2 protein chains.
Amino acid sequence: MIMLTSAKPRDERPSMSQTAPTVGSSTYERIKHDIIFGDLAPGAKLKLDGLRNRYAASVSTLRETLNRLASEGFVQAAEQRGFFVRPVSATDLKEIAELRILLECSALETSIECGDADWEGNLVAAHHKLHLIEQKMLDGDTSQKELWKRYDWEFHQALIQACNSDNLLSLHGTIFDKYLRYQMLVLTHRGAPAIDEHKAMFDAALARDIATAKDVLKGHIRSGLDHTLAAMNDLPK
Amino acid sequence: MIMLTSAKPRDERPSMSQTAPTVGSSTYERIKHDIIFGDLAPGAKLKLDGLRNRYAASVSTLRETLNRLASEGFVQAAEQRGFFVRPVSATDLKEIAELRILLECSALETSIECGDADWEGNLVAAHHKLHLIEQKMLDGDTSQKELWKRYDWEFHQALIQACNSDNLLSLHGTIFDKYLRYQMLVLTHRGAPAIDEHKAMFDAALARDIATAKDVLKGHIRSGLDHTLAAMNDLPK
DNA sequence: ATTCGCAATAATATATGATATTTTTTATTA
DNA sequence: TAATAAAAAATATCATATATTATTGCGAAT
């Protein structure tokens, strides 16, 4: 499984091992992934017994996981009535998009102000990888949607990495994942315009042009929002 | 126990009954309260067995609670090594304060734009109650710190209530609670200036003067931050 | 002597299956 | 059809078993 948003390790020490050490953290990653990528449909009832089979974990362990996801807002918990995948709605998507603008623009500003050589290096690398895969998508190779979205995430992450606020980065990560779920729901690529916007943001950031970078980012998210909203209307059901 | 920040019910239906129905939600409220009000010291190890006695709940239930609180950032979870009360630091406080400014100012703007008669009514009531208790505090009656902070919360909450974004309100609620923990840690009242700022915000909001309201709010939080930072330096340890 | 490494042991966290409550569904009756 | 009662399903909680981490004590090497 390719987990998209680099799962922030629960403790500080960055483990070398790839495998999730505990059943709990493993099921957490898997369920979160399945919600974001639509394998668990919005609004679906999350019956503990069903999950027990699907994820091979005990009820208690699953409840820990679902409580975590409920706190983050990927799951809806109803006292005495169980857990549900967080439903989707146009209103919710709009709120998420506006929040992403608020958080990401703020982080971008500080990050451009404070970014050092390391930051620039990471940014160059991230944009390069994103650009490569975006070209493939343009050519019609749609086989690697998850990898594409991973590079998209890594690029936006690289932009704001130097913002000097772990609290802000953490909040932004969660919001980004929620926004991502909507994008995965409609499964369409915006194509050339989005590519150009990424390039424009990249250039503005390296040129330390905060105003331009923020403007482009804002437009980038708003256009993505409109695109996703339109696609949502065409959705089955 | 007076729980400060009106605990958002896990499901939609607003229950009439005051008592928390499940062991889980009750321990959640209690542990969160104890962290915010410093009864559980920053950095303290949260041993499952110890908590079992203190809160009269089973290990599984406690782990659910701690996982929730870890997601919200009040508890630090270290894989295979247990749970700790989230430590405090000047850096963290500064980040929290800046985030509160970002979120609350944004919500305030929309709220002032969209607020209707209901919103005004709630606001007037909230400010009145806050003002009453602030006067008592000025006179030296320091016996009702929790109630004071509750009214402070309710006032700020009333200001942004009409922002039309549940996602934003939810994020703000968590950040506010984190900010509150630092205030409770130093346990000092800023006095007259804070009272005046509350009044100024109140007036600006009713006059629909967005720019002024945001400016005052920003200053209000920044002054509170400085005040708390200064007091933190004088802390024992 | 002191430090270092390495067992053995104790303490703690993780995970599970079993039980008690509550909600939902089905069946029955007015 | 509506209301109610019994049965089934699902959740919430617990006590216990397993796995991991932390501690202690001992002996060898510096």
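Here the structure is a predicted model, which is why all the values come from computation and not from measurement. Below, chains carry the letters A, B, ... as their sequence lines are ordered, and counting in each starts from 1.
Checking B/H33 against B/E146 by side-chain atom types alone, a donor-acceptor pair falls below 3.5 Å. A side-chain donor-acceptor contact under 3.5 Å links A/Y182 and A/D92.
A close approach under 4.0 Å does not occur between any side-chain nitrogen or oxygen of A/R81 and OP1 or OP2 of C/dT22. For D/dT11, one of the phosphate oxygens OP1 or OP2 lies less than 4.0 angstrom from a side-chain nitrogen or oxygen of A/K45. At C/dA15, one or more side-chain N or O atoms of A/T22 fall inside 4.0 Å of OP1 or OP2 (strictly under the cut-off).
Side-chain contact between A/K32 and A/E72 is present, with at least one heavy-atom pair separated by less than 4.5 Å. A 4.5 Å side-chain heavy-atom check between A/L46 and A/L62 finds every atom pair outside the cut-off.
By the 4.0 Å N-to-carboxylate-O rule, A/E98 lies close enough to A/R222 to be salt-bridged with it.
Within the 4.0 angstrom heavy-atom criterion, only backbone atoms of the sugar-phosphate kind lie near B/T61; the bases stay farther away.
In this structure, the CD atom of B/Q80 is 8 Å from the C1' atom of D/dT21, given to the nearest Å. Per the geometry, CG belonging to B/L46 stands 13 Å off P belonging to C/dT12, to the nearest Å. Regarding A/N67, its CG atom lies at a distance of 10 Å from the P atom of D/dT13, rounded to whole Å. For the pair A/F84 CZ and C/dT23 C1', the interatomic distance rounds to 11 Å; values are reported in whole Å. Distance CD (A/E79) to P (C/dT21): 17 Å, rounded to an integer number of Å. Nucleotide D/dA10 holds its P atom 15 Å from the CG atom of A/L62, rounded to whole Å.
Among D/dT11, C/dA13, C/dT16, the nucleotide with an atom closest to any side-chain atom of B/L48 is C/dA13.
Less than 4.0 Å separates DNA chain D from at least one heavy atom of each of the following residues of residues 49-59 of chain B: B/A57, B/S58.
In summary, the aromatic rings of B/H156 and B/H198 are positioned with their centroids under 6.0 Å apart.
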